[in-house]
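The structure appears right after this line, and notes come after that.
Note on naming: letters A, B, ... go to the chains in the order of the sequence lines (proteins, then strands), and numbering restarts at 1 for each one. A quick note: this is a predicted structure, and the numbers were derived from the prediction, not measured.
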2 protein chains.
Amino acid sequence: MALDEIDKKILRLLQEDAHYTLKDIANKINLSLTPVHDRVKRLEKDGIIEKYVTILDKKKLGNNLTVYCQVTLTKQTYDTSEGFNQSILNMPEVVECNYVSGNFDYMLKIIIPDMESYHHFHQKKLSVLPEVSLINTVFVISEVKSTTVLPI
Amino acid sequence: MALDEIDKKILRLLQEDAHYTLKDIANKINLSLTPVHDRVKRLEKDGIIEKYVTILDKKKLGNNLTVYCQVTLTKQTYDTSEGFNQSILNMPEVVECNYVSGNFDYMLKIIIPDMESYHHFHQKKLSVLPEVSLINTVFVISEVKSTTVLPI
DNA sequence: TACTTTTACAGAAAAATATTCTGTTTTTAA
DNA sequence: TTAAAAACAGAATATTTTTCTGTAAAAGTA
């Protein structure tokens with residue numbers, strides 16, 4: 001379970017590009033295929049490596065608007081939270097949802113085609129949820145950084 | 001450049017798992033290897049597919065705290081923004097940074113081991129930037145959803 | 001210490017996958 | 001109606017992953 005320096009090097013490489021071959025990695029860290037293969041399998045089995053995914057260009061898919069929604073619920077009870085959570089899990093435009101501290105209850109990140117779609121989402125999907133009391137929208141004007149790479 | 005239904009099916013699958021083989025995909029959408037291969041290569045070339053990455057378990061890597069920082073700059077000039085942006089790009093604990101509308105200028109997402117690390121980050125790395133005037137921290141209490149999958 | 005066990009690694013063989021090639025069918029456009 | 005282009009299938013080839021065999025180093029035990 002404890003990661004040594006070799007594990008960390010492998011993880012750093014795989015975070016950057018899941019399509020590096022074992023040979024690529026082996027070359028970069030001066031090892032043979034076997035230990036690289038064994039270590040990757042172990043990291044998968046231990047759940048350090050969660051999954052391999054493909055990142056698509058959101059703008060090229062027509063998603064030109066990103067917004068943060070700061071949501072306040074009507075009540076702070078468990079049932080209210082759970083009901084809200086379940087609804088959110090079924091909304092594909094909500095890519096992040098976190099229960100937070102502060103002046104509101106949830107911070108959501110929404111990726112959506114345009115303002116019209118957002119208007120529709122806001123009015124017909126989010127604000128109509130029985131658990132939702134207040135929504136404060138923060139519009140993204142320009143994306144500076146967005147990465148899946150964690151510091152290791 | 002226009003995506004047909006087959007392209008979309010391929011993208012939906014690859015978003016979920018970048019390690020699906022061409023054969024897996026071909027079977028799932030009832031095609032032979034050739035068109036699947038050709039289409040994936042085209043989607044890569046056109047930049048619809050941006051990259052393949054590995055998602056790691058942040059908690060197993062010791063990152064137990066996620067926070068949003070709402071940052072206000074001292075001035076709203078181009079130079080101030082650019083200076084801030086460049087500093088952020090060199091901070092590995094900042095996984096998202098967006099210039100936004102509203103009562104503050106930037107929304108940041110920080111992934112970090114614990115409160116002590118955050119204290120250090122806040123005091124020694126973020127608040128000391130000459131462009132930063134105000135920081136409002138929103139702590140994540142519980143993660144409800146976090147996905148790289150875009151609606152297609 | 002000597003011995004056993006475990007772990008980490010290398011190299012080679014086998015299996016699976018990606019890539020390339022050839023050719024056919026379908027669609028599109030002249 | 002014909003020519004050109006696009007989409008696809010199947011087979012051959014190249015590459016990669018996976019498995020197998022064995023060696024060396026490290027860790028644990030009597």
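- Annotation: B:E5, atom CD; neighbour count of heavy atoms from other residues, nucleotides and ligands within 6.0 Å is above 12.
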For nucleotides 16-18 of chain C, which of its nitrogen or oxygen atoms have a protein nitrogen or oxygen under 3.5 Å away, and what is each distance?
{"unit_1": "C:dA18", "atom_1": "OP2", "unit_2": "B:L22", "atom_2": "N", "d": "2.8"}

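- Every residue meeting the side-chain contact (heavy atoms from CB on, under 4.5 Å) condition with A:D38, not counting sequence neighbours, appears here in chain and number order: A:T34.
- Across the protein-nucleic acid pair, A:R39 atom CZ and C:dA10 atom P stand 10 Å apart, rounded to whole Å.
- Between the P atom of C:dT26 and the CD1 atom of B:I6 lies a distance of 15 Å, rounded to the nearest Å.
- Formation of a donor-acceptor pair under 3.5 Å by the B:T147 side chain with backbone atoms of A:V95 is not found in this model.
- If you measure from atom CG of B:L31 to atom P of C:dT25, you get 18 Å, rounded to the nearest angstrom.
- Of the possible polar contacts, none joining the B:K28 side chain to the B:L13 backbone as a donor-acceptor pair under 3.5 Å is found.
- Side chain of B:Q15 to main chain of B:L150: a donor-acceptor pair is present (N/O by atom type, distance under 3.5 Å, no hydrogens or angles).
- Judged by distance alone, with hydrogens and angles left aside, the side-chain atoms of B:S127 form a donor-acceptor pair with the main-chain N or O of B:Q123 at under 3.5 Å.
- When rounded to the nearest whole Å, the span between CG of A:N27 and C1' of C:dA10 equals 14 Å.
- In this structure a side-chain-to-backbone donor-acceptor pair under 3.5 Å is missing from B:K125 to B:M91.
- Protein atom NZ of B:K45 is 16 Å distant from nucleotide atom P of C:dT19, rounded to whole Å.
- Salt bridge status for A:K58 with B:E50: absent, with no side-chain N to carboxylate O gap under 4.0 Å.
- Protein atom CG of B:D38 is 17 Å distant from nucleotide atom P of D:dA5, rounded to whole Å.
- B:I25 comes within 4.0 angstrom of nothing in the nucleic acid, heavy atoms only.
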Which parts of nucleotides 21-26 of chain D does protein reach within less than 4.0 Å, heavy atoms only, written one letter per nucleotide 5' to 3' as B for base, S for sugar-phosphate only and - for none?
-> ------
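- When rounded to the nearest whole Å, the span between CZ of A:R42 and C1' of C:dT6 equals 14 Å.
- At distances below 3.5 Å, not a single donor-acceptor pair connects side-chain atoms of B:N27 with backbone N or O atoms of B:D24.
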